[in-house]
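FYI, the numbering just counts along the sequence from 1. Please read these numbers as outputs of a predicted model, since none were measured by experiment.
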Amino acid sequence: MREAVILAGGLGTRLREVVADVPKPMAPVNGKPFLHYVLTWLENSGISRAVISAGYKSEAIAGYFGNTFGKLNIVYAIEEKPLGTGGALRFALRHIDSDDLLILNGDTYFPVEIDDLYFSHEDLSSSFTIALKRMKNFSRYGSVECDDQTIIRFNEKKFCEDGFINGGVYLAGRRYLEENLPAGVSSLEKDFLEAEAAKGILKCMVFSSTFIDIGIPEDYRRAHSLLKNIS
């Protein structure tokens with residue numbers, strides 16, 4: 001059985017001018033919540049169980065999707081107070097039975113080939129593998145430096161003509177996360193991944209899949225055209 005944790009606790013404050021009063025993953029795109037497209041990708045990729053980690057207005061997510069999405073079973077890990085992405089992931093692990101789990105952000109759509117990601121993760125004997133996206137002329141995201149398939153460091157946001165970004169899709173060992181994720185409130189990216197990169201632990205794989213991040217109004221509007229042919 002393959003399982004996934006979807007980090008869906010974002011407040012969506014930068015989207016308030018175009019989408020009011022819903023969790024960011026529930027922002028409507030072509031008449032459906034953005035999260036619908038993420039779940040469609042997971043179901044079509046053979047994921048059998050998704051844990052949705054939510055907090056802000058979590059009832060909007062649970063009320064819409066319930067406990068099934070096609071062949072995909074859904075359970076919820078509801079934060080009583082904001083835990084950050086690292087804390088939310090740690091909290092959600094109690095619902096995971098698999099040795100390895102897919103981790104993704106509920107406000108990004110990066111439909112990588114999951115079979116390829118699993119193969120690479122196993123072939124490298126990796127504890128934590130990150131799906132990267134190559135981009136040109138970007139400044140919104142920090143870049144990622146690699147040596148072959150090992151991540152060396154994460155760079156701060158600045159203009160980059162050509163480089164790799166963290167696509168927000170991860171494959172990780174459950175036991176490794178249980179033993180190494182910080183307790184309490186933490187950022188998965190800043191408090192955990194940056195430290196693990198310095199140890200040479202993180203592996204990576206580059207994918208050419210479409211990448212959509214609806215965190216700002218401009219890209220949210222762009223999502224409508226990019227996802228228009230997905231049911």
Between K71 and E43, does a salt bridge (Lys or Arg N to Asp or Glu O under 4.0 Å) hold up when you go through it step by step? CA-CA 7 Å; K71 295 178 288 186; E43 185 200 10; 5.2 Å; no

Check step by step if side chain to side chain donor-acceptor pair (under 3.5 Å) holds for Y118 and E113. CA-CA 9 Å; Y118 267 86; E113 292 293 335; over 6 Å; no

Are F91 and I74 connected in the hydrophobic side-chain network, where two residues link if heavy atoms are under 4.5 Å apart? no

Answer with yes or no whether the hydrophobic clustering places V206 together with L124; edges join I, L, V, M, F, W, Y residues whose side-chain heavy atoms lie under 4.5 Å apart. no

Would you call R2-D100 a salt bridge at under 4.0 Å N-O? no

is_close_aromatic(Y64, H36), centroid dist under 6.0 Å: no

Ring center gap for F159 and F138 short of 6.0 angstrom: no

For R140 and D219, what are the C-alpha separation, side-chain angles and deciding distance, and is it a salt bridge (Lys or Arg N to Asp or Glu O under 4.0 Å)? CA-CA 11 Å; R140 184 180 164 198; D219 285 349; 2.3 Å; yes

Looking at every heavy atom in both E3 and I96, which two are closest together, and how far apart are they? OE1-CG2, 3.4 Å

Spatial distance of atom OG (S209) from atom NZ (K133) [nearest 0.5 Å]: 7.0 Å

If two hydrophobic side chains count as joined below 4.5 Å and joins carry through other members, does L7 share a cluster with L83? no

Cluster overlap L193 with I201, hydrophobic side-chain contacts below 4.5 Å: yes

Does atom CD of E189 have more than 12 heavy-atom neighbours, drawn from other residues, nucleotides or ligands, at distances under 6.0 Å? yes

Which residues pass the ring-ring contact (aromatic ring centres under 6.0 Å, His included) test with F110, sequence neighbours left out? F211

Determine whether T108 and V38 satisfy the following criterion, side chain to side chain contact (heavy atoms under 4.5 Å, CB included), listing intermediate values before the conclusion. CA-CA 8 Å; T108 59; V38 176; over 6 Å; no

What verdict does the salt bridge (Lys or Arg N to Asp or Glu O under 4.0 Å) test give for R174 and D97, after you've listed the backbone C-alpha separation in whole Å, the side-chain angles of each residue and the deciding distance to 0.1 Å? CA-CA 8 Å; R174 176 175 51 83; D97 297 320; over 6 Å; no

Could you go through the salt bridge (Lys or Arg N to Asp or Glu O under 4.0 Å) check for R222 and E218 one step at a time? CA-CA 6 Å; R222 180 170 156 262; E218 178 184 353; over 6 Å; no

Say you draw a straight line from OG of S45 to CD1 of I114; how long is it, rounded to the nearest 0.5 Å? 4.0 Å

For Y37 and I230 the tightest heavy-atom approach is CE2-O, 3.4 Å

Flag yes if Y141 and Y220 sit in one hydrophobic cluster, no otherwise; membership is Ile, Leu, Val, Met, Phe, Trp, Tyr, and two members link when side-chain heavy atoms are under 4.5 Å apart. yes

